[in-house]
Participant: 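I have a structure here, written as structure tokens, and I will follow up with some questions on it.
Read the numbers this way: they start at 1 and go in the same order the structure lists the ligands and their atoms. Quick caveat, the model's predicted, so the values are computed rather than measured.
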Amino acid sequence: MAKYVDVLKDKVIVITGTTSGIGEGMARLFAEQGAKVVGSGRRKEKGEQIMKEICDAGGDAIFVRTDVSDHLQIKALIDTAVEHYGRIDILVNNAALEPTIMLKDITWEQFEQVINTNLGAYVMGTKYALDYMLPQKSGKILNINSVTSEQIVPGVGVYSLAKAGIRNLTKTTALEYAREGIRCNEICPGLILAGEFMKPEVREWAKDSIENGTPVPRLGTVEEIAYAALYLLSDEADFCNATSLFVDGGRRLI
Ligand SMILES: NC(=O)c1ccc[n+]([C@@H]2O[C@H](COP(=O)([O-])OP(=O)(O)OC[C@H]3O[C@@H](n4cnc5c(N)ncnc54)[C@H](OP(=O)(O)O)[C@@H]3O)[C@@H](O)[C@H]2O)c1
């Protein structure tokens with residue numbers, strides 16, 4: 001039986017938000033699996049250091065400083081990937097803010113910032129990637145969504161509103177471009193040891209939710225998300241389109 005190695009050999013992959021957490025984990029795994037990785041984020045030093053570690057370990061990766069709340073910077077990220085590696089095979093929309101704000105407290109500026117970063121950037125990343133994927137009649141787009149796309153949690157309203165929009169975007173992309181050789185899927189993580197959950201005080205605050213609100217009573221890991229992504233981005237997943245893969249310990253059921 002063939003080994004599950006080099007699953008992404010020579011695929012050019014752009015990932016938004018590789019300076020920490022799930023994006024960093026995907027960048028490292030995809031490079032190990034043979035991909036040419038274009039990482040991004042606002043934290044230049046951290047982002048460059050991670051890409052250097054990937055290259056030192058035998059991988060092929062570059063970092064492009066990008067603020068995804070500015071759509072022209074997303075265009076520049078994707079154009080740079082194509083200039084450097086000659087094509088783009090895969091886009092992973094991952095970068096997001098994770099604010100906790102009750103609806104009564106939200107300002108227009110905060111609303112705009114969350115919607116631009118967490119939803120607008122996914123839409124514009126998709127559009128700019130399609131500019132290259134449609135002529136080559138192939139490409140995969142993976143949206144990192146969340147269990148909160150369907151689970152309502154107090155204080156997470158605008159974040160989950162953006163995530164619900166991503167569900168719609170995934171379906172629209174999948175439907176509009178399937179016949180052009182494009183696939184679009186999403187992963188819906190539950191509570192993962194990344195982002196806000198790296199803070200001990202947040203883990204303490206969410207202790208009951210982790211232990212009693214999730215059938216598998218623990219936080220998930222970055223690697224568990226990265227391996228799920230690896231499957232959806234493999235050639236073997238070609239029949240997956242508009243798939244929402246929940247990696248949430250069953251949290252959506254509670
Ligand atoms: N952790 C969880 O429990 C969980 C659960 C469900 C879904 N998710 C989703 O998983 C994805 C990754 O989150 P994470 O948990 O890994 O959090 P994280 O470690 O905070 O990573 C977020 C990434 O997004 C980037 N980012 C944020 N704003 C940006 C901007 N304006 N421009 C460019 N990059 C930006 C950050 O980079 P810079 O700061 O360097 O810009 C960072 O690399 C997000 O879509 C999140 O909604 C996470």
Side-chain angles (χ1 to χ4, degrees), residues 14-29 37-51 63-78 91-100 110 112-125 141-151 153 156-167 169-170 186-199 202-203 205-206 209-210 213-214 216 218-226 228-229 244-249 251-252:
V14 175
I15 309 172
T16 63
T18 56
T19 52
S20 57
I22 292 169
E24 176 185 347
M26 288 190 292
R28 289 184 190 277
L29 177 66
V37 174
V38 180
S40 63
R42 292 165 302 178
R43 286 170 288 169
K44 187 166 183 281
E45 235 172 77
K46 183 107 191 285
E48 283 178 345
Q49 177 60 30
I50 290 165
M51 295 301 128
F63 179 78
V64 182
R65 191 195 175 276
T66 309
D67 182 339
V68 296
S69 66
D70 171 3
H71 77 99
L72 292 177
Q73 291 192 36
I74 305 173
K75 179 169 171 21
L77 165 66
I78 290 173
L91 169 69
V92 183
N93 286 311
N94 165 76
L97 302 166
E98 300 166 22
T100 304
Q110 286 168 325
E112 271 193 330
Q113 189 193 24
V114 177
I115 293 299
N116 282 350
T117 305
N118 292 17
L119 180 60
Y122 280 47
V123 173
M124 297 313 286
I141 297 173
L142 179 68
N143 293 326
I144 303 303
N145 199 332
S146 167
V147 67
T148 59
S149 56
E150 56 187 62
Q151 191 183 48
V153 180
V156 186
V158 178
Y159 172 87
S160 63
L161 191 150
K163 293 299 190 185
I166 290 169
R167 168 75 35 76
L169 172 68
T170 300
E186 64 181 19
I187 291 183
C188 302
L191 306 185
I192 307 299
L193 185 54
E196 286 299 295
F197 288 100
M198 293 305 286
K199 299 176 186 160
V202 174
R203 292 201 294 276
W205 170 78
S209 181
I210 295 165
T214 308
V216 179
R218 64 169 173 84
L219 291 172
T221 66
V222 161
E223 288 71 27
E224 285 168 322
I225 303 302
S244 300
L245 177 50
F246 281 77
V247 185
D248 69 340
R251 188 173 172 80
R252 70 196 173 285

Participant: Locate the shortest heavy-atom distance separating Gly249 from Thr214; write the atom from each residue and the value.
Facilitator: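 Smallest interatomic distance, heavy atoms only, reads O-CG2, 3.8 Å.
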
Participant: Number the atoms of ligand 1 from 1 as they appear, then name those within less than 4.0 Å of a heavy atom of Phe197, with their elements.
Facilitator: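 Listed by number with element, the hits are 3 (O).
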
Participant: Side chain or backbone, does Val68 bring an N or O within less than 3.5 Å of an N or O on ligand 1?
Facilitator: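 Right, the criterion is met.
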
Participant: What protein heavy atom sits nearest atom 13 (O) of ligand 1, and how far away is it?
Facilitator: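 For atom 13 (O) of ligand 1, the nearest protein heavy atom comes out as Glu98 OE2, 3.1 Å.
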
Participant: Are any of the N/O atoms on Ser40, whether in the backbone or the side chain, positioned under 3.5 angstrom from an N/O atom of ligand 1?
Facilitator: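 No.
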
Participant: Counting only heavy atoms, which portion of Leu193 has something under 4.0 Å from ligand 1: side chain, backbone, both, or neither?
Facilitator: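 No part of Leu193 is near ligand 1 at this cut-off.
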
Participant: What is the closest protein heavy atom to atom 41 (O) of ligand 1, and at what distance does it sit?
Facilitator: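 Nearest neighbour among protein heavy atoms for atom 41 (O) of ligand 1, to 0.1 Å: Arg42 NE, 2.6 Å.
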
Participant: Going by the atom numbers of ligand 1, which of them fall below 4.0 Å from some non-hydrogen atom of Gly21?
Facilitator: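 This gives 16 (O), 19 (O) as the contact atoms.
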
Participant: Give the residue and atom name of whichever protein heavy atom lies nearest to atom 36 (C) of ligand 1, and the separation in Å to one decimal.
Facilitator: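 Checking every protein heavy atom, the shortest distance to atom 36 (C) of ligand 1 gives Thr19 OG1, 3.7 Å.
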
Participant: Any N or O on Ile192 sitting closer than 3.5 Å to an N or O of ligand 1?
Facilitator: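 Right, the criterion is met.
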
Participant: Give the contacting part of Thr66 toward ligand 1: side chain, backbone, both or neither, where contact means a heavy-atom distance below 4.0 Å.
Facilitator: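 It is the backbone that gets close, since no side chain atom is under 4.0 Å.
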
Participant: Based purely on interatomic distance, does Ser20 place a nitrogen or oxygen under 3.5 Å from a nitrogen or oxygen of ligand 1?
Facilitator: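 Yes; the residue has a nitrogen or oxygen that sits under 3.5 Å from a nitrogen or oxygen of the ligand.
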
Participant: Specify side chain, backbone, both or neither for Asn94, according to which of its non-hydrogen atoms lie closer than 4.0 Å to ligand 1.
Facilitator: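 Both of them.
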
Participant: Please report the closest heavy-atom contact between Gly213 and Arg251, naming both atoms and the distance.
Facilitator: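 Closest pair (atom of Gly213, atom of Arg251, distance): O-NH1, 3.4 Å.
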
Participant: Give the numbers and elements of all ligand 1 atoms closer than 4.0 Å to a heavy atom of Ala95.
Facilitator: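 Answer for ligand 1: 24 (O), 25 (C), 26 (N), 34 (N), 35 (C).
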
Participant: With a heavy-atom distance limit of 4.0 Å, tell me whether Asn145 approaches ligand 1 through its side chain, its backbone, both, or neither.
Facilitator: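 Contact part for Asn145 vs ligand 1: backbone (N, CA, C, O).
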
Participant: When you check the gap from the basic side-chain N to the acidic O, do Glu24 and Arg43 get nearer than 4.0 Å?
Facilitator: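 No, this pair does not count.
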
Participant: At under 4.0 Å between heavy atoms, is it the side chain or the backbone of Lys163 that contacts ligand 1, or both, or neither?
Facilitator: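 Near ligand 1, Lys163 shows its side chain, while the N, CA, C and O stay back.
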
Participant: Can an N or O of Ser146 be found at a distance shorter than 3.5 Å from an N or O of ligand 1?
Facilitator: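 So ligand 1 has no N or O lying under 3.5 Å from an N or O of Ser146.
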
Participant: With heavy-atom distances below 4.0 Å as the criterion, list the atoms of ligand 1 near Thr18.
Facilitator: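 Atoms satisfying the 4.0 Å criterion: 43 (O).
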
